[in-house]
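Naming: A, B, ... by sequence-line order, numbering from 1 per chain.
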2 protein chains.
Amino acid sequence: MTESETATGGRPTLESVAELAGVSRATASRVVNGGAGVRAALREKVERAVAELGYVPNLAARTLVTRRNRAIGVVVAEPEARFFSDPFFAQHLRGISRELAAADNQMVLLLAEDERDHERIGRYLAGGHVDGVLLFSLHRSDPTPETAQRLGLPFVIGGRPGWPGAESDRDLVYVDNDNRGGARLAVQHLRSLGRTRIATITGPLDQTSSIDRLDGYRDLFPDGDGDLIAVGDFTVDGGIRGMTELLARRPDLDAVFAASDAMASGAMRVLRAAGRRVPEDVAVVGFDDVESIAAWTEPTLTTVRQEIEEMGRLMTRLLLRRLNDPEASAPSSVIIPTGLVVRGSA
Amino acid sequence: MTESETATGGRPTLESVAELAGVSRATASRVVNGGAGVRAALREKVERAVAELGYVPNLAARTLVTRRNRAIGVVVAEPEARFFSDPFFAQHLRGISRELAAADNQMVLLLAEDERDHERIGRYLAGGHVDGVLLFSLHRSDPTPETAQRLGLPFVIGGRPGWPGAESDRDLVYVDNDNRGGARLAVQHLRSLGRTRIATITGPLDQTSSIDRLDGYRDLFPDGDGDLIAVGDFTVDGGIRGMTELLARRPDLDAVFAASDAMASGAMRVLRAAGRRVPEDVAVVGFDDVESIAAWTEPTLTTVRQEIEEMGRLMTRLLLRRLNDPEASAPSSVIIPTGLVVRGSA
DNA sequence: CTGAAAGCGCTAACAA
DNA sequence: TTGTTAGCGCTTTCAG
C-alpha cells in the first residue's frame with residue numbers, strides 16, 4: 001500500500017504532495033516556501049501536485065518548528081462599555097486587520113472584562129500562539145504588559161499608557177493621536193472667533209486621553225479659571241451634566257470645548273434648552289469626529305478629527321517591523337496629528 | 001548534561017516538568033490534562049513542578065496531535081462600512097467572545113473586504129487553524145460557506161442567508177432576530193395609537209433583514225398602498241430622503257415605521273423641518289434600539305429592540321455544541337424574539 | 001497506575 | 001540542487 005495521505009483527516013500532507021510529484025518531502029517543502037534553489041522542472045511538478053491535491057500547509061506543524069505563528073493578538077481590556085458603544089473600536093480593528101492581511105498575518109481578538117479573562121489571556125500568550133501583541137485601553141493594574149515582557153513577546157500599545165511613574169528603562173512603545181495638540185487646535189479656533197470665556201468639559205481624568213486634552217486646553221490658559229472646567233465622562237449624559245454645571249457657574253461663557261463629540265452634543269442640548277443659540281451665543285467644539293454624531297447635531301458639529309484607522313495601521317506596522325527584525329533598536333512611540341473639522345457649531 | 005528545558009525559547013516543556021517531578025512525560029501529560037488515573041502523590045509532584053516552572057502547554061504541538069485548535073474563526077464579509085459604523089458589530093463580538101471564553105476557546109477575527117481577502121481566508125480555513133466558523137453578512141457570492149462545507153468545518157451563520165433557492169439538502173444553520181415579528185410589533189403599536197395612514201421606510205432590499213422587516217409591515221396591510229413605502233438604506237441620509245419622498249406622496253400620513261433607528265432619526269428631522277410635530281402629528285417608530293441614537297433624538301425614539309449580544313452568544317453555543325458532538329443531528333436555525341421599547345416618539 | 005515509544009506534519013541542517 | 005535525517009512538544013496506544 002502506497003501509504004500516502006495518511007489518516008490526516010482527509011487533508012493532504014506535504015508527504016503526499018512529495019510522493020505525487022516524485023520528489024522528497026524536503027524539496028516539496030522548498031517549493032511550498034518560495035521555491036528558492038529548486039530546478040524549474042521539479043518545481044513545476046510539485047506545484048502541479050499541490051494544485052491537484054489542494055494542499056495547504058498545516059500551520060500547527062509549521063509553527064512547532066519555526067516558532068512563528070503568523071498571528072498577532074489584539075488585547076482589549078475594557079470592562080466599561082465604551083469600547084463597544086463608539087466606532088473607535090471597530091475603526092481600530094479595521095486598520096489592524098488591513099495591515100495584518102497585507103502581511104499575511106492573522107488577528108486573534110482577546111477581550112478582557114474581568115480577572116479571569118486576564119488570566120486566560122495570560123495563559124494564551126504564554127502558550128505561544130501569537131508572535132506579538134497589540135494592547136488597548138491599558139489600565140494601571142493591567143497585567144498583560146508585564147506578561148508579554150516576561151515572555152519576550154513584542155507588544156505595542158494603543159494610547160498613551162496611564163501610569164505616571166513608568167520606569168524609564170521599560171520604555172513602552174505606544175501609538176497615540178495628538179490629543180493635546182488637537183485640544184489646542186480647538187481652543188485656538190474658538191479664540192480666533194473672538195471668544196474669550198471658553199469653558200471645557202473633560203473626559204474621565206483617569207484616562208490619559210482626557211488628561212492630554214485638558215492639558216491642551218490649559219496650554220492656552222496658563223492662568224486658567226477653574227470655574228470654566230467641568231469634569232465629564234465622554235458620554236452624552238456627561239455632557240449634559242457638565243454643561244449644566246458650567247452654565248450655573250459661569251452664565252457669561254461664550255464657548256465650550258467638549259472633549260468628545262458625545263459630550264458636545266449633550267452640551268448643545270442643554271444650551272438650546274437654556275435658550276442660548278449655537279454658535280451665535282455659545283460656540284461649541286467637540287473631539288473625535290464621530291460621523292454619526294458630528295454630522296448630525298443641529299447645527300452640525302465643529303470638532304477635532306483623529307485618524308483612528310491610521311492609528312491601528314501604524315501600531316501594526318510597528319509591531320511587525322519589530323517581529324521581523326528583533327535586533328533593531330526599539331522603535332519609539334508615535335503621535336499622530338489631529339486636525340480641526342469646521343462645521344456649523346463654531 | 002541533564003538536557004531538560006532545551007532550546008525552547010526559554011519556555012519550559014512537558015519534558016522539563018516531567019524531569020523535575022521525577023516522572024515520565026506521559027504521566028506529566030495526564031496530570032496536565034485533568035489528571036485522571038494518576039495517583040495523588042504523583043499528581044501533586046507534577047502540579048508542583050508545573051507551578052514552579054510556570055509551565056504552559058504549547059498549543060501548536062497539542063493541536064498537531066489532537067487536531068483541535070480551541071479556536072474558532074469569525075468571518076465578517078462587509079465591504080460596506082456599515083458593520084463599522086453601528087454598534088451591531090461590536091455587540092456581536094462581545095457576545096461571541098464571552099461565550100467562547102467560557103469554553104476556553106479563542107476567537108480569530110477574519111475581515112473580508114475584497115476578493116483577495118476571501119482567498120486568504122479560504123487558505124487560512126483550509127490550513128486547519130480553527131475548529132469552526134461563525135459567518136456574518138453573507139452575500140450570495142460569498143465563497144466561505146462552500147469552502148467550509150468542503151473542508152468539513154462546522155459553521156453557523158449570523159442573519160438569515162440571502163439567496164432564495166437555497167437547496168434544501170444544504171440546510172444552513174443560522175441565527176437571526178425576529179425582524180418580521182419586530183416590524184409587526186411596531187406597526188401594531190402605531191395602530192393601537194389610532195394611526196391609520198402608516199408609512200414605512202425600508203432598508204436596502206438586497207438584505208434579508210430589510211426584506212423581513214418590510215414583510216412584517218405588509219403582514220398588517222394585506223392590501224397595502226405602495227405610496228406608503230419608501231426604500232431607504234439604513235442610514236440617516238436614507239431616512240431623510242425616504243421621509244421627504246413619503247411626505248410628498250402622502251402628506252396626510254400620520255405615522256412612520258423606519259426599519260432602522262438611524263433612518264428614524266433622519267425622518268424626524270425632516271418631519272420637524274416640515275412643521276410636523278412628533279408624535280402628535282406623526283408618530284415614529286424605529287428599529288434596532290441603538291442607544292446612542294434612540295435615547296437621544298427629541299423626542300426619544302420608540303423602537304424595536306433586538307438582542308444582538310444574545311445572537312452572538314447563541315451562534316457560538318450552537319457551533320460549540322456541534323464541535324463537541326459532531327454526530328448529533330444538525331441543530332436547526334434559531335430566531336430570537338424582538339421587543340418594543342416605547343419612548344417618546346410613538 | 002505508569003513508562004516507553006511511536007508518531008502528528010513540517011522545516012532545517014547536513015550530506016551527497 | 002536534492003535527499004536524508006533529526007527533531008519541534010505533545011498525546012496516546014501499548015506493555016508492564
Using the C1' atoms of the five pairs at each end, what is the angle between the end axes of the helix from C:dC1-D:dG16 to C:dA16-D:dT1, to 10°?
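Comparing the first five pairs with the last five, the axes sit 40° apart.
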
[Y] side chain reached by [X] side chain, heavy atoms, under 4.5 Å:
X	Y	result
A:Leu109	A:Leu93	yes
A:Thr27	A:Arg30	yes
B:Arg120	A:Gln106	yes

Quick one: is [N] close enough that its OP1 or OP2 comes under 4.0 Å of any side-chain N or O from [X]?
X	N	result
B:Thr13	D:dG9	no
A:Arg11	C:dG9	no
B:Arg39	C:dT2	yes
A:Thr27	D:dG3	yes

Atom pair distance, as rounded to whole Å: NZ in A:Lys45 and C1' in D:dT2:
13 Å

Just the rounded figure in Å: distance from P of D:dA6 to CG of A:Leu64.
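After rounding, the reported distance stands at 18 Å.
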
Test: ring-ring contact (aromatic ring centres under 6.0 Å, His included). Region: residues 95-125 of chain A. Which pairs qualify, not counting sequence neighbours?
A:Tyr124-A:His129

Heavy-atom protein contacts under 4.0 Å, nucleotides 11-16 of chain C, coded B base, S sugar-phosphate only, - none:
BBB---

Could you list the donor-acceptor pairs under 3.5 angstrom formed by side chains in residues 38-61 of chain B, with sequence neighbours left out?
from    : atom 1 : to      : atom 2 : distance (Å)
B:Arg43 : NH1    : B:Gly35 : O      : 2.8
B:Asn58 : OD1    : B:Ala60 : N      : 2.7
B:Asn58 : OD1    : B:Ala61 : N      : 3.0

Check DNA chain D against residues 120-133 of chain A and give the residues with a non-hydrogen atom under 4.0 Å, in numerical order.
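Those residues: none at all.
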
Quick note, salt bridge (Lys or Arg N to Asp or Glu O under 4.0 Å) partners involving residues 126-136 of chain B, not counting sequence neighbours, are B:Arg68-B:Asp131

How long is the gap from OG1 on B:Thr147 to CD1 on B:Ile121, to the nearest 0.5 Å?
9.5 Å

